[in-house]
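Following: one structure in structure tokens, then a few remarks.
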Amino acid sequence: MEYSKVKLYTNAFIFHDKKILLGYKKRGFGIHKYNGFGGKVEPEETSLEAAARELEEEAGIKSPLKHIGVLFFLSDGEENAFHIDIYRGEGFEGTVIETDEMRPQWFSTAIDEHSSDAAPKIPYDQLWETDPYWYPLLLSNTKFRGRADFRMDSEKGKLLPCKWWYG
Ligand code: 6OG
């Protein structure tokens, strides 16, 4: 697969009280999936500045973000490659709000199946298809990077990963 440009994006995950904050995407790229908060890095800002700005725009909060991972992916029929800087924030300031783009929701970080945690479990079937491979690294605060190639699956009529690795 050939690509002409690498587009920079951010994605931030906030942790608080043994829970992780995800947002249900209401519009645009990744609609109807749960994800961290983020978007495009603008030309005049660093990736960290973009991550903080997007977190505030999409969830109304600030958090001390730390870089924890890099995802690189290519997609059939897409002339750009994507580089996504993943950030992790412990705690936050402000009040979590729903925005036009995202409906935020807290999920349990407990890995134990029988946990008595009242928060719902991470909706692994409503994430980007490759995310379940690296969420364990994000949850255990382990630095990671990874790559995925997406291809159009003509039977399912959607882009699906055909090759990937994370570590
Ligand atoms: P806006 O269109 O909202 O930015 N994104 C991905 N996130 C995950 N977790 N996995 C992927 O695997 C992704 N591909 C794109 C980057 C789009 C948001 O979607 C993220 C941005 O946070 C394929 O401005």
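For the single chain, residues carry numbers from 1 onward in sequence order. Values below: every heavy atom of this structure, side chains too, minus hydrogens, waters and symmetry copies. All ligand and atom numbering here is 1-based and tracks the order in the structure.
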Pick one of side chain, backbone, both or neither for how F37 approaches ligand 1, counting any non-hydrogen atom pair under 4.0 Å.
-> neither
For A148, does its backbone N or O pair with a side-chain atom of T130 as donor and acceptor, under 3.5 Å?
-> no
Should the ring pair W106 and H16 be called parallel, tilted or perpendicular, given that the plane angle runs from 0 to 90° and is split at 30 and 60?
-> tilted
Nearest non-hydrogen protein atom, atom 5 (N) of ligand 1 | I84 CD1, 3.5 Å
With under 30° as parallel and over 60° as perpendicular, where do the rings of F82 and F73 fit, or are they tilted in between?
-> parallel
What protein heavy atom sits nearest atom 17 (C) of ligand 1, and how far away is it?
-> F29 CD2, 3.7 Å
Considering only non-hydrogen protein atoms, determine which one is nearest to atom 7 (N) of ligand 1 and report residue, atom name and distance to 0.1 Å.
-> N35 ND2, 2.9 Å
Under 3.5 Å donor-acceptor, D17 side chain and K19 backbone | no
Check for a donor-acceptor pair, side chain of E58 on one end and backbone N or O of G38 on the other, with a separation under 3.5 Å.
-> yes
Tell me, which protein residue and heavy-atom name are nearest atom 24 (O) of ligand 1, and how many Å apart are they?
-> G39 CA, 3.5 Å
Parallel, tilted or perpendicular: rings of Y133 and Y166 (30°, 60°) = parallel
Relative to the heavy atoms of E101, which atoms of ligand 1 are at a distance of less than 4.0 Å?
-> 3 (O)
Got the closest protein heavy atom to atom 9 (N) of ligand 1, with its distance?
-> D131 OD2, 2.7 Å
Kindly assign one of parallel, tilted or perpendicular to the pair Y9 and F29, based on the angle between their ring planes and the thresholds 30° and 60°.
-> tilted
Just heavy atoms, cut-off under 4.0 Å: does W134 contact ligand 1 by side chain, backbone, both, or neither?
-> side chain
At a non-hydrogen distance cut-off of under 4.0 Å, which region of F82 contacts ligand 1 (side chain, backbone, both, or neither)?
-> neither
Which heavy atom of the protein is the closest neighbour of atom 11 (C) of ligand 1, given with residue, atom name and distance?
-> W128 CG, 3.5 Å
Under 4.0 Å from a heavy atom of Y9: give me the atoms of ligand 1 that qualify, with their elements.
-> 4 (O), 16 (C), 17 (C), 21 (C)
Is the side chain of Q126 donor-acceptor paired with the backbone N or O of P123 at a distance under 3.5 Å, no angle test?
-> no
Protein heavy-atom partner closest to atom 21 (C) of ligand 1 - residue, atom, separation in Å | T10 O, 3.5 Å
Which atoms of ligand 1 are found less than 4.0 Å from any heavy atom of F150?
-> 23 (C)
Starting from atom 1 (P) of ligand 1, which protein heavy atom do you reach first, and at what distance in Å?
-> K25 NZ, 3.8 Å
K26 side chain vs T99 backbone, donor-acceptor pair below 3.5 Å = yes
